[in-house]
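The block underneath contains the structure these notes are about, expressed in structure tokens.
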There are 2 protein chains.
Amino acid sequence: MKLKYENEAAVFKALSDPNRLLILEILQSGEKCACKLLEDLEISQSTLSHHMKILCEAGFVESNRQGKWMHYSINKEGYENAKKILQELESCMLTK
Amino acid sequence: MKLKYENEAAVFKALSDPNRLLILEILQSGEKCACKLLEDLEISQSTLSHHMKILCEAGFVESNRQGKWMHYSINKEGYENAKKILQELESCMLTK
DNA sequence: AAAATGAATTGACAAACATCGATATGTTGT
DNA sequence: ACAACATATCGATGTTTGTCAATTCATTTT
């Protein structure tokens with residue numbers, strides 16, 4: 001089923017940008033607000049927002065608004081899902 | 001270190017295309033020659049060759065020429081590497 | 001209600017990517 | 001050496017992606 005591969009490809013696509021990997025690493029040390037991420041990440045505010053959307057949609061990050069600040073934190077589900085896909089890909093369990 | 005993230009991003013980028021995931025799955029059932037892959041994969045010969053190069057360079061696939069046929073097979077190292085990166089990313093062990 | 005502030009969205013643009021047809025390279029059999 | 005075949009490379013093209021500045025939206029504070 002072609003759709004399946006597209007969903008799975010999207011998961012890895014989220015991990016295929018250096019800035020996004022850096023964001024994930026920074027978040028490993030705990031929840032951060034967007035403004036804090038911006039300090040560490042020589043990119044514009046709109047670019048950061050764009051990356052965060054991709055990471056959230058792929059399940060790697062959770063967001064929660066606290067007042068006017070947006071707080072981001074690691075969502076373990078994304079990692080579990082990515083590892084599961086890798087595992088299935090490796091053991092020939094994907095359904096056609 | 002910026003370079004580190006680029007190398008890691010390239011690993012996941014290799015997995016971020018539906019056709020390449022399909023190729024990996026097909027190879028799970030054993031070594032295949034390019035012509036066999038071409039039969040299953042509604043893409044042109046040059047496109048297949050391009051994808052195989054990416055998969056090989058990212059460490060997911062090994063190639064070995066047998067006469068005029070090129071045989072491709074799964075390279076476990078790529079999967080181990082990808083899982084290692086995911087694990088490090090998850091446990092905050094990446095060196096800055 | 002108005003001003004201020006943080007984040008998301010929009011529109012534009014260049015770089016990267018997937019794809020193809022055509023051509024080149026490498027291998028086998030005549 | 002040559003013809004046939006399998007694969008790789010090249011050049012072109014349309015699409016996707018990462019990026020930014022400008023704008024809009026949401027929230028808080030005055």
Side-chain angles (χ1 to χ4, degrees), chain A residues 2-27 31-75, chain B residues 2-27 31-58 60-73 75:
Chain A
K2 190 67 169 292
L3 187 64
K4 182 170 175 63
Y5 297 112
E6 277 168 15
N7 290 340
E8 294 175 337
V11 170
F12 294 118
K13 198 168 290 185
L15 297 176
S16 72
D17 178 85
N19 278 321
R20 288 198 288 269
L21 292 183
L22 179 50
I23 291 168
L24 290 177
E25 197 204 337
I26 293 173
L27 291 181
E31 183 174 278
K32 299 278 181 303
C33 82
C35 48
K36 176 66 176 66
L37 290 172
L38 252 187
E39 288 173 15
D40 300 352
L41 274 174
E42 302 163 348
I43 57 178
S44 73
Q45 181 266 321
S46 57
T47 299
L48 175 64
S49 184
H50 172 241
H51 284 314
M52 298 319 292
K53 188 176 185 181
I54 289 171
L55 287 172
C56 287
E57 286 178 349
F60 291 101
V61 166
E62 275 177 334
S63 66
N64 87 306
R65 186 176 268 285
Q66 301 196 3
K68 52 184 173 180
W69 290 275
M70 195 58 111
H71 285 220
Y72 295 104
S73 56
I74 291 294
N75 182 352
Chain B
K2 192 66 169 290
L3 187 64
K4 182 171 179 60
Y5 297 112
E6 280 169 13
N7 289 339
E8 293 175 341
V11 169
F12 293 118
K13 196 166 290 184
L15 297 177
S16 71
D17 179 87
N19 279 320
R20 288 198 287 269
L21 292 183
L22 179 50
I23 290 168
L24 289 178
E25 195 203 337
I26 294 173
L27 290 181
E31 183 174 279
K32 299 279 181 304
C33 81
C35 48
K36 177 65 175 65
L37 291 173
L38 251 187
E39 288 174 15
D40 298 352
L41 275 174
E42 301 162 348
I43 57 179
S44 72
Q45 181 267 319
S46 58
T47 299
L48 174 63
S49 185
H50 172 241
H51 284 313
M52 298 319 292
K53 188 176 184 180
I54 290 172
L55 287 172
C56 287
E57 286 177 350
F60 291 100
V61 166
E62 277 178 333
S63 66
N64 87 307
R65 186 176 267 285
Q66 301 195 5
K68 52 184 173 178
W69 291 276
M70 193 61 108
H71 284 220
Y72 294 104
S73 56
N75 182 354

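Quantities reported herein were computed from a predicted structural model and do not represent experimental measurements. Lettering of chains follows the sequences in order, A, B, ..., and the numbering in each one begins at 1.
In this structure a side-chain-to-backbone donor-acceptor pair under 3.5 Å is present from A:Ser16 to A:Lys13.
When the nearest nucleotides of DNA chain C are assigned to A:Cys33 and B:Gly67 by heavy-atom distance, the more 5′-ward of the two goes with A:Cys33. Between A:Arg65 and B:Cys35, the residue anchored closer to the 5' end of DNA chain D is B:Cys35, taking for each the nucleotide with the nearest heavy atom. Projected onto DNA chain D by closest heavy-atom contact, B:Ala34 and A:Trp69 fall at different nucleotides, the more 5' of which corresponds to B:Ala34.
Other residues, nucleotides and ligands contribute over 12 non-hydrogen atoms within 6.0 Å of the CD atom of B:Gln66.
Within residues 44-51 of chain A, the residues approaching DNA chain C are A:Gln45, A:Ser46, A:Ser49, by heavy-atom distance under 4.0 Å.
Side-chain contact between B:Lys32 and B:Ile23: absent, with no pair of heavy atoms (C-beta onward) separated by less than 4.5 Å. Under the 4.5 Å side-chain criterion, counting only non-hydrogen atoms from C-beta, B:Asn75 is not in contact with B:Leu55. In this structure, the side chains of A:Val11 and B:Phe12 stay at 4.5 Å or more apart for every pair of heavy atoms. Between B:Leu21 and B:Glu25 the shortest side-chain heavy-atom distance does not fall below 4.5 Å. You'll find the side chain of A:Arg20 stays beyond 4.5 Å of the side chain of A:Leu24, heavy atoms only. A heavy-atom distance below 4.5 Å is not found between the side chains of B:His51 and B:Leu41.
First and last contacting nucleotides of DNA chain C toward chain A (any atom under 4.0 angstrom from a heavy atom, 5' to 3' order): C:dT5 to C:dT9. Taking a heavy-atom distance under 4.0 Å as the criterion, the stretch of DNA chain D touched by chain B extends 5' to 3' from D:dC5 to D:dT9.
The minimum heavy-atom distance between B:Val61 and B:Met52, with the atom names listed, is CG1-CE, 4.0 Å. Annotation for A:Tyr5 and B:Leu22: closest pair OH-CD1, 3.6 Å, computed over non-hydrogen atoms.
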